Amino acid sequence: MADRFRVTLAQLNPVVGDLAGNAAKARDAWAQGKAAGADLVALPEMFITGYNAQDLVAKPAFHTDAIEAVRALAADCADGPALALGGPWVEGTDLFNGYFILMQGRIAHVVKKHHLPNQSVFDEVRVFSEGPLSGPYSVGDMRIGSPICEDAWYEDVAETLEETGAEFLLVPNGSPYHRGRWEMRLNHMVARVIETGLPLIYLNMTGGQDDQVFDGGSFGLNPGGQLAFQMPLFENAIAHVDLERGPEGWRIIEGEKHPRPDPLEQDYRVMVTALRDYMAKSGLKTVLLGLSGGLDSAIVATIAADALGPENVRCVMMPSEYTSQGSLEDGEAVARALGCRYDFVPITQARAAVTETLAPLFEGTQPDLTEENIQSRLRGLLLMALSNKFGGMLLTTGNKSEVAVGYSTIYGDMAGGYNPIKDMYKTRVFDICRWRNENHRDWMQGPAGEVIPQRIIDKPPSAELRADQKDSDSLPDYPELDAILQILIDDDGSIADCVAAGFDREVAKKVEALIYASEYKRFQSAPGPRLSDRAFWLDRRYPLVNRWRDPS
């Protein structure tokens, strides 16, 4: 029996629905593995369809097409190493999340996912049938167990595989990023290694899909839980990993251990990757945004420049009589520092025309929020006109604090196709701006250096929709607001929890009321990258109409 076994790991970025393109990536990885003398080439969960395909994968024409693509791939890769990749599989009336082992021109084995995640961003119970607990498959003389993603978070699948003769575990994943997720994966996999005594390889995909970013970071663990290798976070990569059999059984030969970036860099990388892939996978190339001279639009412009290149980003300043000279200067400074196109489009005349048109109907009333929202909606109208005329996708720029409490104008500054900072609280936006000014990486297409003037970071936030307006006129200061939001949204806490943390009960009640009252706005808001495990959309699903309020 052989004492060495080589696995080529393909940590790659599939495109949902691009069956031919995903198959081509798999064939290329297989060819690289063949050239390197691999025994097995492995790709992640549901790779042939892309992940997360949601209800699309349940469409009979789609999953039939996907299975045929796998059969064709098996025929193409008959002469060489075994090829393993994920995709849908049908038996009778059941649709499974499967992991295919392709050998000698055919589908030699199908692993069927047993534990179907049904929380946070996952609805697999809605789509798939539960697969049985089963034993390992053979590649040559090696017996391999493949718990599919969630299966490795529980004891039973790995223990069954170990008891039925598996010699190592290969875990294919479609595991999206949120803060702290990598550490959670590592802890669960260490538990499986300690319980079974088997080496384990954790293979994750990369790339953005809608609101989710798959962050790679594939790794291997030897018995006892020692890290044998660590592939880079966020990067597409091919790694040839060797296992060697010694007196104590199979062990992974140690390889490169790529460092993990700090949390701010990870968040920023996710926002850049999410926008870049959302655009590329949609067939779009250019974006535009309203540049106000404030912090949020400045960081969104920077993210866009880093994701797409400054030449593909159009910044539009749309001042009113309430726009300060400082904001005019700061907005232009951001566009110039990034190297983006800068347009100056005052809304004064348009606003006067709307005011005149509505004057007979508004007679006898006093100016209020209505007039402020007209300004915001005019800006949205002008930006959408530019988007329609020239084809760029409009970005919206509301941070999570604003999105949470509805401090935004629906059909105004909420207009747009994607929001890169949707899941980032305002206080963290300050931190990420400072980080980006001080750091540059080779995956950023924008320039290095201070691209967001310090004056923007230092000045009090303001929507500038009326004279001398500050955000703090309507909301608690952001450090207080964000701390309360963290309790109520991210921790799913109560008003009593807010009070116990030292916050005024009436302030907490006001924030809670704003959260619930703006649910309908979030329902209509643009998607944005998921940074936390309580992002708005799939992580937090609340009714639009809801009369309950916390009585504590």
Side-chain angles (χ1 to χ4, degrees), residues 117-123 125-126 178-181 184 211 296 368-370 372-373 376 396 398-414 419 421-430 460-463 465 469-552:
N118 199 47
Q119 72 281 338
S120 67
V121 299
F122 300 107
D123 288 308
V125 171
R126 174 186 175 90
H178 67 70
R179 295 184 198 108
R181 184 71 171 178
M184 293 172 64
D211 64 318
D296 296 329
D368 56 17
L369 189 62
T370 305
E372 294 182 25
N373 286 340
S376 183
T396 183
N399 61 69
K400 188 174 184 178
S401 310
E402 295 174 348
V403 171
V405 297
Y407 194 66
S408 54
T409 302
I410 196 164
Y411 322 125
D413 58 308
M414 287 180 65
N419 180 357
I421 61 170
K422 185 177 182 177
D423 196 31
M424 179 167 282
Y425 286 124
K426 182 75 169 190
T427 46
R428 196 165 177 90
V429 173
F430 282 97
S462 172
L465 295 174
Q469 185 181 25
K470 303 280 190 302
D471 289 5
S472 55
D473 297 339
S474 306
L475 302 170
D477 286 335
Y478 281 113
E480 180 181 11
L481 174 63
D482 288 356
I484 293 172
L485 293 173
Q486 177 74 41
I487 293 170
L488 295 178
I489 294 173
D490 298 71
D491 301 338
D492 215 10
S494 65
I495 297 299
D497 293 327
C498 295
V499 173
F503 298 106
D504 181 82
R505 183 179 185 278
E506 292 310 309
V507 172
K509 292 288 286 183
K510 176 185 176 182
V511 171
E512 179 204 44
L514 291 170
I515 293 170
Y516 286 137
S518 53
E519 203 68 53
Y520 79 102
K521 289 187 178 183
R522 287 189 289 275
F523 186 78
Q524 300 176 66
S525 65
R530 178 178 185 250
L531 302 173
S532 70
D533 61 356
R534 293 293 284 176
F536 292 123
W537 190 33
L538 297 178
D539 284 313
R540 184 184 184 277
R541 311 179 202 188
Y542 273 65
L544 306 189
V545 177
N546 164 30
R547 287 194 177 184
W548 182 84
R549 299 295 181 266
D550 188 345
S552 64

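All of these numbers come straight from a predicted model, not from anything done at the bench.
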Would you kindly say whether [X] and [Y] are connected by a side-chain donor-acceptor distance under 3.5 Å?
X	Y	answer
Asp413	Ser408	no
Thr396	Asn419	no
Asp490	Tyr425	yes

Side chains of [X] and [Y]: does their closest heavy-atom pair fall under 4.5 Å?
X	Y	answer
Leu475	Leu514	yes
Glu402	Lys422	no
Asp296	Lys426	yes
Asp423	Phe536	no
Lys400	Ser532	yes
Gln524	Tyr411	yes
Gln486	Arg534	no

Problem - Evaluation steps, side-chain contact (heavy atoms from CB on, under 4.5 Å), between Arg522 and Tyr542 - result: CA-CA 10 Å; Arg522 287 189 289 275; Tyr542 273 65; over 6 Å; no
Practice task
For Asp123 and Asn118, indicate whether the former's side chain and the latter's backbone hold a donor-acceptor pair under 3.5 Å.
Solution key: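 Checked: no pair found.
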Exercise for the section: Mark yes or no for whether Glu512, through its side chain, and Asp550, through its backbone, hold a donor-acceptor pair below 3.5 Å. Expected result: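 Answer holds: yes.
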Exercise for the section: Any chance you could measure Ile515, atom CD1, to Ile489, atom CD1, to the nearest 0.5 Å? Expected result: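 Answer for the CD1-CD1 pair, Ile515 versus Ile489, is 4.0 Å.
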Practice task
Output all residues satisfying side chain to side chain donor-acceptor pair (under 3.5 Å) with Ser120, sequence neighbours left out; order by chain, then residue number.
Solution key: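 Counting only residues at least two positions away or on another chain, Ser120 forms no side chain to side chain donor-acceptor pair (under 3.5 Å).
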Exercise for the section: Report the C-alpha distance between Arg179 and Asp533 in whole Å, list the side-chain angles of each, state the deciding distance to 0.1 Å, and finish with yes or no for salt bridge (charged side-chain N to carboxylate O under 4.0 Å, His left out). Expected result: CA-CA 7 Å; Arg179 295 184 198 108; Asp533 61 356; over 6 Å; no
Handout entry: Chi angles and distances behind the side-chain contact (heavy atoms from CB on, under 4.5 Å) call for Ser401, Tyr478
Key = CA-CA 8 Å; Ser401 310; Tyr478 281 113; 3.9 Å; yes
Exercise for the section: Write out all pairs satisfying side chain to side chain donor-acceptor pair (under 3.5 Å) with one or both partners inside residues 493-511, taking only residues at least two apart or from two chains. Expected result: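 For residues 493-511: Ser494-Asp497.
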Problem - Set of salt bridge (Lys or Arg N to Asp or Glu O under 4.0 Å) partners for Arg126, sequence neighbours left out - result: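 By the salt bridge (Lys or Arg N to Asp or Glu O under 4.0 Å) rule, Arg126 matches Asp55.
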